[in-house]
Amino acid sequence: MNTLYLPTRLSRRGFIQTAAAAAGTALLLPAASVLAAAPVASDQSGLPGVAPVGAGPGRPLVFGHRGASALRPEHTLASYAKAIADGADYVEPDLVSTKDGVLVARHEAFLSETTDVGTRAEFASRKTRKTIDGETHEGWFVDDFTLAELKTLRAVERIPQFRPGNAQYNGMFQVVTFEEMIDFVAAEAAARGRIIGLVPELKHSTYFASVGLPLEDRFLSILAAHDYTRRNPVEIQSFEVANLKYLRGKLGRRANLRLMQLVIGEPVRPMDVAAAGGTLTFAQMCTPAGLRDIAQYADVVAPPTRSVIPLNKDGSLAAPSSLVEDAHKAGLRVEPWTFRPENQFLAADFRDGALTARNEAGSIAEMKRYIATGIDGFFTDDPALGRAAIG
């Protein structure tokens, strides 16, 4: 068998072509054993995706945020299918754990806003109050349900006041497991003849560990069990630090994997840091020194969009910050979150009517402004508009 050595810096097209030459198909990357043997530089910014940092203009990656959540209820197969059909490079499952330890795709542990659980009399006694990651909710929570129970629920639109079209799909779709989602993406990739990446986020790691449902080893076992995730692009996200360091230790630096440190531009601590009594804040992590520290264990920093270009007092875009330049100097990719197409979520420069109204032209124009800063990818609730912004 011929050994394939992937270049340490490779364009997205080159990545796919090299993979095809090795596997004899346009779809799959080399076998996991080959990937493990291949030398990979600490800066994986060219694998897989756009041109590496500092090598000239590249095509930013489009991440389908919870699928195409502007057009279908989030984290449903319909949302993922729409994102893929509309050209997303990656689709995102946020991962939480059921009572019996199964990883499922929900934005958070709180189920009341995204499922019909509140209408189900058989689960009325499960209603409770919990504080998770500093936020208190009263309602129903994923870790109080087995997978079998969760499968009896149906997804609903989280923000119907902005997305009434999505509410028409209420009740149609089940909550999907991470493994079901991997199989679905693999099937879509095979049908379409193109690689589709996964960008899973481990949610509430410290909380789930505290209730005896740690996420990380379950997550690793699923990655290892699926040929698609052993071979194809996966970017693993977290707002916590310790879990990413743990995953780096377990996964090493494989050519198809990146780790993404999510941050916010505020002087608050990641939950694992706070639980351990540490002092590190997200604001410190976004300084040049903090970004260099992130680069020791992660490949990507993912800030909110307004940390890349802040807002003026009137809500219009100000001058870009130095975050993209600072992160690139540290060897990190920059992949901010999240662009949404409704006026409520746009900078004032781009609004054109009622706050609840969809504004495609304004969303595309806003994304173009951010793309011009040199970001390497971005999360959007509407991947078709993201593709249009790239041009």
Side-chain angles (χ1 to χ4, degrees), residues 63-86 88 91-100 102-130 132-133 135-181 184-185 200-201 203-204 207 337-345 354-358 379-384:
F63 295 94
H65 186 239
R66 312 176 199 174
S69 52
L71 301 169
R72 302 291 186 271
E74 64 186 46
H75 292 311
T76 61
L77 292 184
S79 186
Y80 295 131
K82 182 62 173 168
I84 292 166
D86 287 350
V91 287
E92 180 199 38
D94 292 326
L95 300 178
V96 294
S97 179
T98 65
K99 183 178 182 179
D100 46 348
V102 180
L103 299 187
V104 296
R106 289 286 92 190
H107 174 54
E108 55 191 359
F110 188 54
L111 294 174
S112 302
E113 294 177 345
T114 60
T115 73
D116 63 357
V117 64
T119 70
R120 308 295 288 272
E122 66 269 33
F123 297 127
S125 64
R126 307 277 179 94
K127 188 175 184 179
T128 187
R129 178 185 293 267
K130 294 186 182 185
I132 300 175
D133 290 2
E135 294 188 7
T136 300
H137 293 290
E138 183 171 336
W140 291 263
F141 296 83
V142 67
D143 50 312
D144 293 327
F145 290 77
T146 65
L147 177 63
E149 291 171 332
L150 199 65
K151 281 291 189 179
T152 68
L153 305 179
R154 291 297 182 271
V156 301
E157 170 55 35
R158 183 175 58 88
I159 48 174
Q161 67 274 33
F162 294 103
R163 296 168 180 175
N166 284 7
Q168 297 178 37
Y169 297 94
N170 286 357
M172 291 188 181
F173 304 108
Q174 290 185 330
V175 175
V176 296
T177 70
F178 183 36
E179 293 198 86
E180 289 169 341
M181 194 261 187
F184 178 76
V185 171
E201 180 184 348
K203 303 289 291 195
H204 314 312
Y207 167 77
W337 48 273
T338 300
F339 293 104
R340 297 183 166 97
E342 296 84 11
N343 281 312
Q344 170 70 32
F345 307 110
L355 290 180
T356 57
R358 180 177 169 85
F379 288 83
T380 173
D381 286 1
D382 195 325

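Residue numbers start at 1 and run along the sequence shown.
Applying the salt bridge (Lys or Arg N to Asp or Glu O under 4.0 Å) test to residues at least two apart or on different chains, the pairs with a partner in residues 172-181 are K151-E180.
Qualifying side-chain hydrogen bond (donor to acceptor under 3.5 Å, both in side chains) partners for D133, counting only residues two or more places apart in sequence or in other chains: H204. Checked against side-chain hydrogen bond (donor to acceptor under 3.5 Å, both in side chains), E108 has no partners two or more places apart in sequence or in another chain. Looking at residues two or more places apart in sequence or on another chain, you find a salt bridge (Lys or Arg N to Asp or Glu O under 4.0 Å) between D382 and R358. The salt bridge (Lys or Arg N to Asp or Glu O under 4.0 Å) check on R120 picks up D116, E122, with sequence neighbours excluded. By the ring pair (Phe, Tyr, Trp, His ring centres under 6.0 Å) test, Y80 pairs with no residue at all, sequence neighbours left out. Partners of F173 by ring pair (Phe, Tyr, Trp, His ring centres under 6.0 Å), not counting sequence neighbours: none found. Residues forming a salt bridge (Lys or Arg N to Asp or Glu O under 4.0 Å) with E157 (at least two apart in sequence, or on another chain): none. Every residue meeting the side-chain hydrogen bond (donor to acceptor under 3.5 Å, both in side chains) condition with R340, not counting sequence neighbours, appears here in chain and number order: D381. D144 meets the side-chain hydrogen bond (donor to acceptor under 3.5 Å, both in side chains) test with K130; sequence neighbours excluded. For F110, the ring pair (Phe, Tyr, Trp, His ring centres under 6.0 Å) partners at least two apart in sequence or on another chain are H137, F141. In terms of the ring pair (Phe, Tyr, Trp, His ring centres under 6.0 Å) criterion, Y169 has no residue partners (sequence neighbours excluded).
Expressed to the nearest 0.5 Å, how far CZ of R72 lies from CZ of R163 amounts to 12.5 Å. To the nearest 0.5 Å, the span separating CG on L95 from NZ on K203 amounts to 10.0 Å. Of the inter-residue distances, the one linking H107 atom NE2 with E74 atom CD reads 6.5 Å to the nearest 0.5 angstrom. In this structure, the separation between CG on D94 and CG on L103 is 12.0 Å, given to the nearest 0.5 Å.
Here the closest heavy-atom approach between residue P93 and residue V91 is recorded as CD-O, 3.4 Å. Of all heavy-atom pairs between A88 and G64, the closest is CB-N, 4.1 Å. Between G139 and S112, the closest heavy-atom pair is CA-OG, 3.5 Å. Closest approach of P73 and N166 over heavy atoms only: CG-O, 3.6 Å.
Side-chain contact between Y207 and D143: present, with at least one pair of heavy atoms (C-beta onward) separated by less than 4.5 Å. Contact annotation: the side chain of F379 approaches that of E92 to within less than 4.5 Å [non-hydrogen atoms, C-beta and beyond].
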Could you walk me through whether V175 and L111 pass side chain to side chain contact (heavy atoms under 4.5 Å, CB included), step by step?
CA-CA 10 Å; V175 175; L111 294 174; 5.7 Å; no
Going through the checks in order, is the salt bridge (charged side-chain N to carboxylate O under 4.0 Å, His left out) test met by E149 and K99?
CA-CA 10 Å; E149 291 171 332; K99 183 178 182 179; over 6 Å; no
Kindly indicate, with the supporting measurements, whether the criterion side chain to side chain contact (heavy atoms under 4.5 Å, CB included) is fulfilled by S69 and H75.
CA-CA 8 Å; S69 52; H75 292 311; over 6 Å; no
Going through the distances and angles, do K82 and L71 end up as a side chain to side chain contact (heavy atoms under 4.5 Å, CB included)?
CA-CA 8 Å; K82 182 62 173 168; L71 301 169; 3.7 Å; yes
Step-by-step side chain to side chain contact (heavy atoms under 4.5 Å, CB included) determination, V176 to V104
CA-CA 6 Å; V176 296; V104 296; over 6 Å; no
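Below 30°, between 30° and 60°, or above 60°: for F162 and F345 the angle between ring planes is between 30° and 60°, a tilted geometry.
Side-chain rings of F123 and F145 approach one another, their centers coming within less than 6.0 Å.
A side-chain donor from one of T114 and R106 sits under 3.5 Å from a side-chain acceptor of the other.
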